[in-house]
Amino acid sequence: MRKYIVLPALSLALLNTSMAQSGFKLGLKGGLNVTTMTGNDVTWLEREEGFVRQPKFRPGAHVGPTFNLGFGRHGNASLTFDVLFSMKGSNYYYDQYYYENVDDTVTTKLEVKESVTRLGVDVPILFRYRTNFGLYGEAGIFLSIMPVTLFKTDDPRYKEESTTEFDYLDIEEGLYRPFDFGFTAGAGWISKGGFGIGLRGFMGMLDQYETYGFVGFATVPTGRTVNVGAQLSLMYYFGWDSKRRR
């Protein structure tokens, strides 16, 4: 009976020792996103009325757990990945935007702005190399799942009738795809106590704005819009300096 108690306990102890020797560390991360979506997709206002939409960067945030698996005697080379609840998106403005009133007697130049907010989860996976001074560089891939998209506009025409506004907003939000995949790279510093700061840039590879055009009698996807941006993060790893595994 005793061996059925001792053997599982011994196995668990060996597993914990193996994880410690491999340099596995759990941490928390949070910070700022600065993102935009750029490309050659054409919106309804551009296609129907000739206005040009200019993308601008939009601030957001991210927070979640981070994991680091170190290799070698000191764990300087490592595989790191995060699970981050993230807010991305883009701001836009229309240059030379003109609004005509109902009887077309007054034309007013407006600075119409739009915003797209995307909420979801980012999972970046990177190879990292850290020097003995704590400085590191990293590069890898990321996967984003963004099931929620919120679109806003201050175009006065969509405030005149609520049905028009809501229909337009629903259609616009439905054009954004919920998945993205791309590349990311960055650099930063981690102290011996486990506190750190890092900066990453990223670029998505999948089209994010699903527009269609006519070729003959068929509709085909037109244009391409991608996610680009940067993340500034503060992080803390628990037990970072134990057994000289940083």
**Report entry** Spacing of E173 atom CD and K152 atom NZ [to the nearest 0.5 Å]
**Finding:** 10.0 Å
Query raised in the report: Is it true that the side chains of N33 and S86 contain a donor and an acceptor less than 3.5 Å apart?
Result: yes
**Report entry** T80 side chain to N68 backbone, donor-acceptor under 3.5 Å
**Finding:** no
Report task. Spell out, yes or no, whether V123 and F67 are grouped together once hydrophobic residues are joined by side-chain heavy atoms under 4.5 Å, including indirect joins. Result -> yes
Query - With S144, the side chain to side chain donor-acceptor pair (under 3.5 Å) member among R118, K88, Q208 - result: K88
Requested in this report: Might you point out which heavy atoms bring P147 and G120 nearest each other, and give the distance in Å?
Outcome: CD-CA, 4.0 Å
Report task. List in chain and number order the residues that pass side-chain contact (heavy atoms from CB on, under 4.5 Å) with L143, two or more places apart in sequence or in another chain; answer none if no residue qualifies. Result -> none
Query raised in the report: Would a hydrophobic clustering, with Ile, Leu, Val, Met, Phe, Trp and Tyr connected at side-chain separations under 4.5 Å, put L175 with M37?
Result: yes
Query raised in the report: Is N76 close to T131 at the side-chain level, that is, under 4.5 Å between some pair of heavy atoms?
Result: no
Query raised in the report: Can you tell if the side chain of Y93 reaches within under 4.5 Å of the side chain of Q54, non-hydrogen atoms only?
Result: yes
Report task. Quick one: closest heavy-atom pair of M205 and D180, and the distance? Result -> N-OD1, 3.6 Å
**Report entry** Closest non-hydrogen atom pair, G140 against L126
**Finding:** N-CD2, 3.9 Å
Report summary line: In terms of heavy-atom contacts, P55 and T36 come closest through CB-OG1, 3.7 Å
**Report entry** Side chain to side chain, F238 and L28, heavy atoms closer than 4.5 Å
**Finding:** yes
Requested in this report: Measure across L199 and A230 and return the closest heavy-atom pair with its distance rounded to 0.1 Å.
Outcome: CD1-CB, 4.5 Å
Query - F127 atom CZ, neighbour heavy-atom count above 12 within 6.0 Å - result: yes
Query - Remaining members of the apolar cluster that contains W189, side-chain heavy atoms under 4.5 Å - result: L135
Report summary line: Distance col, row K192:NZ vs N132:CG, nearest 0.5 angstrom, shows 9.0 Å
**Report entry** Aromatic ring proximity F181/F142, centre distance under 6.0 Å
**Finding:** no
Query raised in the report: Do side-chain atoms of Y176 reach the backbone of L150 as a donor and acceptor pair under 3.5 angstrom?
Result: no
Report task. Consider only side-chain heavy atoms of I, L, V, M, F, W and Y, link residues closer than 4.5 Å, and tell whether L69 and V83 are in one cluster. Result -> yes
Report task. Establish whether F24 and F71 are linked, either directly or via other cluster members, by ILVMFWY side-chain heavy-atom contacts under 4.5 Å. Result -> yes
Report task. Drop me the distance from R177's CZ to T149's OG1, to the nearest 0.5 angstrom. Result -> 12.5 Å
Query raised in the report: Which residue pairs pass the salt bridge (charged side-chain N to carboxylate O under 4.0 Å, His left out) test when at least one of the two sits in residues 59-69, sequence neighbours left out?
Result: none
Query raised in the report: Linking I/L/V/M/F/W/Y whenever their side-chain heavy atoms sit closer than 4.5 Å, directly or via other members, would F81 and L26 fall into one cluster?
Result: yes
Query raised in the report: Step by step, would you call V116 with E172 a side-chain contact (heavy atoms from CB on, under 4.5 Å)?
Result: CA-CA 10 Å; V116 179; E172 187 69 19; 5.9 Å; no
Report task. Side-chain contact test, heavy atoms from C-beta onward, threshold under 4.5 Å: evaluate it for T225 versus D207 and give yes or no. Result -> yes
Requested in this report: Could you tell me whether the side chain of T184 and the main chain of G201 form a donor-acceptor pair under 3.5 Å?
Outcome: yes
Query raised in the report: Does H62 reach the side chain of S233, with side-chain heavy atoms less than 4.5 Å apart?
Result: yes
Query raised in the report: Does some side-chain heavy atom of V228 sit less than 4.5 Å from a side-chain heavy atom of F202?
Result: no
Query raised in the report: Given the rule in the side chain to side chain donor-acceptor pair (under 3.5 Å) test, do N91 and S115 qualify, once you have shown the distances and angles that lead to the verdict?
Result: CA-CA 4 Å; N91 287 332; S115 66; 4.7 Å; no
Query - Pair R200 + D82: basic N to acidic O under 4.0 Å - result: yes
Query raised in the report: Are F195 and I190 side-chain neighbours, meaning at least one heavy-atom pair lies under 4.5 Å?
Result: no
**Report entry** Distance-only polar pair, side chains of T66 and Y237, donor-acceptor under 3.5 Å
**Finding:** yes
